[in-house]
Amino acid sequence: MTLLRTKGLSRHFDGLKAVDGVDFALDPGEIRAIIGPNGAGKSTFVSLLSGRIKPSAGQVFFEDRDVTGMPAHKRVRMGIAYTFQITNIYGAMTVLENIAIAAQNRLRPHLFSRKPVSEVEIARAATKAAQEVGLGDLLYETAGTLAYGHQRLLEVAMGLALQPKLLILDEPTQGLSDSEIENFQEVVRRVAQSATVLLIEHNMDVVMALADRITVLDNGRVLAEGSPGEIVHNDAVQAAYLGAPA
Amino acid sequence: MMDLAPYLLLAGLEGLVMASVLMLTALGLSLVFGVMRVVNVAHGEFYMLGAVGAWACAQFVPGHPALAFCVALVVAPLLVGVLAYLADWAILKRINYDPEGTIVSTIGMLYIIQQLTLMSFGPDARAVDAPFYYTIRTPWFGYSSYKLFTVVMALVLVAGLWVMLKRSKWGLVMRATQFDRETAQNFGIPVNRVYSIVFAIGAMLAAIGGVLVVPNQQAHYLMGGDPLLLSFVVVIVGGLGSIPGTIAAAILIGMSDGLLSVFFSPTAAKIFSTLLVAFVLVFKPEGLFGRSNRV
Amino acid sequence: MTLHNGKLLALCVVTVIVLFGLQFVLPPYLTLALTRILILSVFAMGYNMLMGYTGLLSLGHAMFFAAGLYAAGLSTYYWGVTLPVAFVLGIVGAFAVSLVIGLLALRTQAVSFMIVTLMFAQAGYLMTLQFTNITGGDQGLTLPTDARSFGLFGMVVDMTSDTARFNLALLIFTVVLAVLFAITQGPLGRLFVAVRENEPRTQMLGFDTYAIKLTAFTVSGTISGTAGALYGLMFGYIGSSFAGFQNSIEALLYTLIGGPGTLLGPLLGTAVMTMLIDRLSGITTAYLIVIGVLLIVVNLWFPKGILGTIRDRWLGWLK
């Protein structure tokens, strides 16, 4: 069984084909990277998967269920978590509160729950997610005042607290220092033990170190797909992307 | 059925007069929203100040009422414009035109203007003489030529505004600011000045509406409520920020408001108007015949 | 259930005890003023639920206050139901109105939301005038004397007695305060604040934000309506002015002054403002000018209100 599959997925903006008939499949447990030149449609593609934007054509299946018409929040409930490319956190709240909102979605999914889960349990789950990304010491800091690298980690912790089946990370290492990237790779490897990871990434070192398989997008279409080794040696990819000086 | 014709003609004329004043007032609101993306709840008070200003001119300018009228037509809008410019500088600029904060602040301005007028002008309604009293004869009734003059004045002013917006350098600057504030700033357009001036022009249009209307309708410190509501109706039905939509809607609403009031009570007509605004915003936010221009 | 934010709970308990004690110290006319303050602060607390905690600025809460007022008042005036039943009917009426208006108004955002709530409220106000033969319009209706008292659990409560009124108002105030404490300091309140701080992010954490906002809207409207029902039944008068624009603005102002998004802010704001207006209306009839100036000044220089400023500077738990 595939975890996630798309069929002819397309999104057009005023004639511009940002995503153009993509067939894509993701197996449970893998770390998949999506790479491609700027404007290849990577962010649009994962936004279509998460339901943030609606497709012009095509379908999305999650665990063999057609989720194309499903609103974003329901997809999150099904297990698709998405972290934003531009850091998008609750700046005025503490780190713990930020993660608690995510944890609450899993522990207390309905607004008026018959069996209310205690605040202690929510706080415990949030603390655990914070520790997993290494923010355990910063629980009571105001999120907006954190260093950028920590804010990126907070994003991931919020994704983790949802305990998703699929975690989509949109450019997670952008703007991070080398040592932060190192730490980040550790976090992703740990996450991958329990969830499938779909990663949009510019930094090829990170991609090569993490990805089991790589999908290359160009002009909204799938240009190539394969193991890191295969992709590095693919002529079309080299011509379109890797050949260009970084 | 023969008897219906004069009624329809009268209702049509009254509707036309109403529509032309409404067009001026609503264009002010629409211009401010279009360029600045803010809603001015005190707009009706600027209209009221125009009317009260016309009354004051009638008191202090000796001689023929036409002279006082001409003075009022210049002085009242100018004073209101200065007041609006100052309000923009002192308040709206300082909250950085935050849309919600602007609404709260202009509600504050509404109360201040209204109460200051009550304290100075008093609670009574006061009449102002028309500049001339020539009556136009029709086979059934006589009709005030001043009312028709109002229509002509409004048309001239709207045409002037239109030319200014489309042809002059000033109009270009305003449209550039409306299109993209940041880029306009980068091109050296003094966006802050443009905002203050647009806010002032919006208020002046309302004030001119007030000056024009006051020979037909007495000046009163609470008279700003109805034009505010109707301007809202016009601007929202016509599509927020769309000038042609505003003009079309003003004619439609102005003409139908008279008819509605014939068949229903004024209160019922107002209930209809308020619900119309609410439902258009809920179900068709781009307006009934405006292009998409979301708040 | 474990206790969350114990300091705030303690402050609430102390506040209620002090309020209860005040009736033995204050002269009668101030006790009466305090009764009004308690009811109006319930109104503002309902408003704060939406504006302060959820970040949705309504300009039409008078419509919910009036829904409670008229549903309660008219049912006792025309059908002669007892006061407790009328009170419940008032709450039900406010609930129904806020649910329906919420379903519609929440399709819009920010400025549109403000205008839509304003217009619905204005339509409601105009309807109380249109149907003057039922509502009494501007003149209003005075409830008959025999509808001013009720028996409950063998006790007769007389609504013309200052003591009874004060303690009943305090009781309802305390119940509402307790309910709001439970909501705002728990998981549901966390979602309200999450929507206020960042709605798109909350959606991407798996929450139906429309449902969250509708919940906040309905709770808010129902509480404001509870205040309306209480006000009408307690003072035996219902009239159009309660549905008017100014009543909505006063709820906004009380909340702004006290501190939006703080549990006790509306009480403080209502107390400060009603005392101020009482003083001023002795001096000038144009006290509305003060409301105007305050709206501008608070918005310019003091947007967090009294308790909001204290929370941000010193006491983080004060929320």
Side-chain angles (χ1 to χ4, degrees), chain A residues 46-47 50-52 71-84 86-94 96-113 116-124 126 140 142-144 154-155 158-159 161-164 168 170, chain C residues 1-6 8-9 49 52-55 99 102 106 179 181-219 222 260-262 303-304 308 311-313 316-319:
Chain A
V46 294
S47 291
S50 69
R52 284 179 68 217
H73 68 92
K74 286 198 179 152
R75 297 192 204 192
V76 178
R77 290 260 152 103
M78 286 188 70
I80 305 178
Y82 174 90
T83 69
F84 286 77
I86 299 158
T87 308
N88 193 345
I89 52 177
Y90 303 97
M93 298 189 190
T94 65
L96 187 64
E97 281 171 328
N98 267 272
I99 309 173
I101 295 166
Q104 183 174 333
N105 175 58
R106 180 169 58 80
L107 295 170
R108 196 177 182 280
H110 301 289
L111 281 187
F112 311 101
S113 183
V117 172
S118 80
E119 287 287 285
V120 175
E121 253 175 281
I122 292 174
R124 194 184 300 138
Y140 300 100
T142 304
L154 177 56
E155 278 272 353
M158 288 160 83
L162 292 166
Q163 294 198 349
I168 300 173
D170 195 350
Chain C
M1 202 175 127
T2 45
L3 201 62
H4 200 66
N5 205 345
L8 182 60
L9 184 64
M49 177 85 265
Y53 287 98
T54 320
L99 182 64
L106 289 169
V179 168
F181 182 90
I183 293 178
T184 58
Q185 308 303 312
L188 196 54
R190 172 179 296 126
L191 297 184
F192 292 165
V193 177
V195 165
R196 178 187 76 197
E197 293 293 319
N198 193 340
E199 187 177 342
R201 180 70 221 187
T202 310
Q203 227 155 16
M204 291 313 293
L205 288 176
F207 293 102
D208 182 351
T209 50
Y210 182 78
I212 294 172
K213 290 193 285 184
L214 185 60
T215 307
F217 195 98
T218 314
V219 170
T222 308
T262 61
K304 302 258 167 83
R311 173 194 62 200
D312 288 1
R313 293 262 173 88
W317 50 268
L318 201 63
K319 56 189 183 181

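Per chain, numbering begins at 1; letters A, B, ... match sequence-line order.
- No donor-acceptor pair under 3.5 Å is formed between the side chain of C:Glu197 and the backbone N or O of A:Met93.
- A search for side chain to side chain contact (heavy atoms under 4.5 Å, CB included) contacts involving A:Arg52 returns A:Ser47, A:Ser50, A:Tyr82, A:Phe84, C:Met204, not counting sequence neighbours.
- For the pair C:Thr209 and A:His73, the minimum side-chain heavy-atom distance is 4.5 Å or more.
- Contact annotation for A:Ile101: both backbone and side-chain heavy atoms come within less than 4.5 Å of a heavy atom of chain C.
- Heavy-atom distances place both the backbone and the side chain of C:Thr202 under 4.5 Å from chain A.
- Between the C:Asn198 side chain and the A:Ile89 main chain, a donor and an acceptor come within less than 3.5 Å of each other.
- When the side chain to side chain donor-acceptor pair (under 3.5 Å) test is applied to C:Arg196, no partner is found at least two apart in sequence or on another chain.
- With a 4.5 angstrom heavy-atom cutoff, A:Ala81 does not touch chain C via any of its atoms.
- In this structure, the separation between CZ on A:Arg77 and CZ on C:Phe207 is 6.0 Å, given to the nearest 0.5 Å.
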*List the steps and the verdict of side chain to side chain contact (heavy atoms under 4.5 Å, CB included) for A:Val76 and C:Gln203.*
CA-CA 9 Å; A:Val76 178; C:Gln203 227 155 16; over 6 Å; no
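- With a threshold of 4.5 angstrom between heavy atoms, C:Leu191 approaches chain A through side-chain atoms but not through N, CA, C or O.
- For A:Met78, no part lies near chain C; criterion is any non-hydrogen pair under 4.5 Å.
- For chain C, the nearby parts of A:Ala100 are the backbone and the side chain; heavy atoms of each come within less than 4.5 Å.
- For A:Ile80, no part lies near chain C; criterion is any non-hydrogen pair under 4.5 Å.
- The heavy-atom pair separating A:Ala102 from C:Leu205 by the smallest distance is CB-CD2, 3.8 Å.
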